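The chain is numbered in sequence order, starting from 1. Computed from a predicted model, the values in this text were never measured in an experiment. Just so you know, these numbers use all the heavy atoms, side chains as well, and skip hydrogens, waters and symmetry mates.
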Amino acid sequence: MTPGDLEDREAYIEAVLSLVEQIPAGRVMTYGSIADLIGRGGPRQVGRVMALHGGGVAWWRVVRSDGSLPDSHHGEAVARYHQEGTALRGRIADADTLRVDVATALWSPTRSA
C-alpha cells in the first residue's frame, strides 16, 4: 500500500462519517445513497466503514435499502428510533418484519429536512 492509497482510504472514511453525522434525528440514509453522494464505492464499502469506524456517529441512521438492519443492531436501534420519532413499519416485537419506513424517513443533504 502506498501513502497515496492510505490517504485515499482515510479520505473515504472521513467522507462517509462526515455525511452520517449530518443525518438529522428521525431521518435515515441507505448505505447505497451514501455511496452515491460520495461518488465512489458502493453499499458494501460504506457498510465496511460503518462497521469499523462508525461507533462514534449515529450508526442507526444508516439502513439497508429495504429499511432493515442487521440482527445485531435491532435492539439498540429500535430504542433510538422511538426516541427520535423515526418512521417505522412492521411489528416491534418481530425483528424480521420491523423496518424503518425509508419512503418517509429518507434524508438527503440536497433536500430540506
Side-chain angles (χ1 to χ4, degrees):
M1 178 178 295
T2 68
D5 291 340
L6 182 58
E7 290 172 10
D8 190 46
R9 183 171 52 175
E10 288 176 359
Y12 185 76
I13 292 167
E14 180 58 34
V16 169
L17 297 179
S18 177
L19 188 51
V20 172
E21 287 176 333
Q22 296 176 50
I23 304 170
R27 305 300 292 272
V28 299
M29 290 186 76
T30 66
Y31 295 99
S33 64
I34 291 171
D36 288 346
L37 279 169
I38 291 172
R40 37 181 261 237
R44 289 179 191 241
Q45 289 77 18
V46 171
R48 178 93 173 137
V49 169
M50 293 302 295
L52 296 175
H53 308 283
V57 297
W59 53 264
W60 59 92
R61 296 180 187 155
V62 182
V63 298
R64 295 175 179 148
S65 61
D66 69 355
S68 67
L69 288 166
D71 291 338
S72 61
H73 293 176
H74 182 78
E76 185 176 349
V78 170
R80 291 183 186 262
Y81 294 146
H82 285 293
Q83 182 180 38
E84 295 184 356
T86 307
L88 300 174
R89 59 186 172 85
R91 294 188 355 227
I92 292 172
D94 186 356
D96 292 334
T97 64
L98 185 67
R99 307 244 186 288
V100 169
D101 185 345
V102 175
T104 301
L106 190 65
W107 177 81
S108 172
T110 59
R111 295 191 325 213
S112 63

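Taking a 6.0 Å sphere around CZ of Arg48, one finds it holds 12 or fewer heavy atoms contributed by other residues, nucleotides or ligands.
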Without placing hydrogens or testing angles, list every side-chain donor-acceptor pair under 3.5 Å for residues 29-46, not counting sequence neighbours.
residue, atom, partner, partner atom, Å
Thr30, OG1, Ser33, N, 2.9
Thr30, OG1, Ser33, OG, 3.1
Ser33, OG, Thr30, N, 3.0
Ser33, OG, Thr30, O, 3.0
Arg40, NH1, Asp8, OD1, 3.2
Arg40, NH2, Asp8, O, 3.3
Gln45, OE1, Gly42, N, 2.7

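Taking CZ from Arg27 and OG1 from Thr104, the interatomic distance works out to 9.0 Å, rounded to the nearest 0.5 Å.
The side chain to side chain donor-acceptor pair (under 3.5 Å) search around Trp60 returns Glu84, not counting sequence neighbours. Under the side-chain contact (heavy atoms from CB on, under 4.5 Å) criterion, Glu76 pairs with Trp59, Arg80, not counting sequence neighbours.
Contact of the Val62 side chain with the Ile23 side chain is registered, since non-hydrogen atoms from C-beta on lie closer than 4.5 Å. Residues Leu98 and Tyr81 form no side-chain contact, since every pair of their non-hydrogen atoms from C-beta on lies 4.5 Å or further apart. Two residues are said to be in side-chain contact when any heavy atoms from C-beta on lie closer than 4.5 Å; Arg61 and Val100 fail this criterion.
For the residue pair Leu17 and Gly54, the shortest heavy atom distance occurs at CD2-CA, 4.0 Å. Listed here is the closest heavy atom pair of Ala105 and Thr86: CB-CG2, 4.2 Å. Closest heavy-atom contact between Val102 and Arg64: CG2-O, 4.3 Å. Here the shortest heavy-atom pairing between Leu19 and Pro109 reads CD1-CG, 3.9 Å.
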Worked check of side-chain contact (heavy atoms from CB on, under 4.5 Å) between Val57 and Met50: CA-CA 9 Å; Val57 297; Met50 293 302 295; 3.9 Å; yes
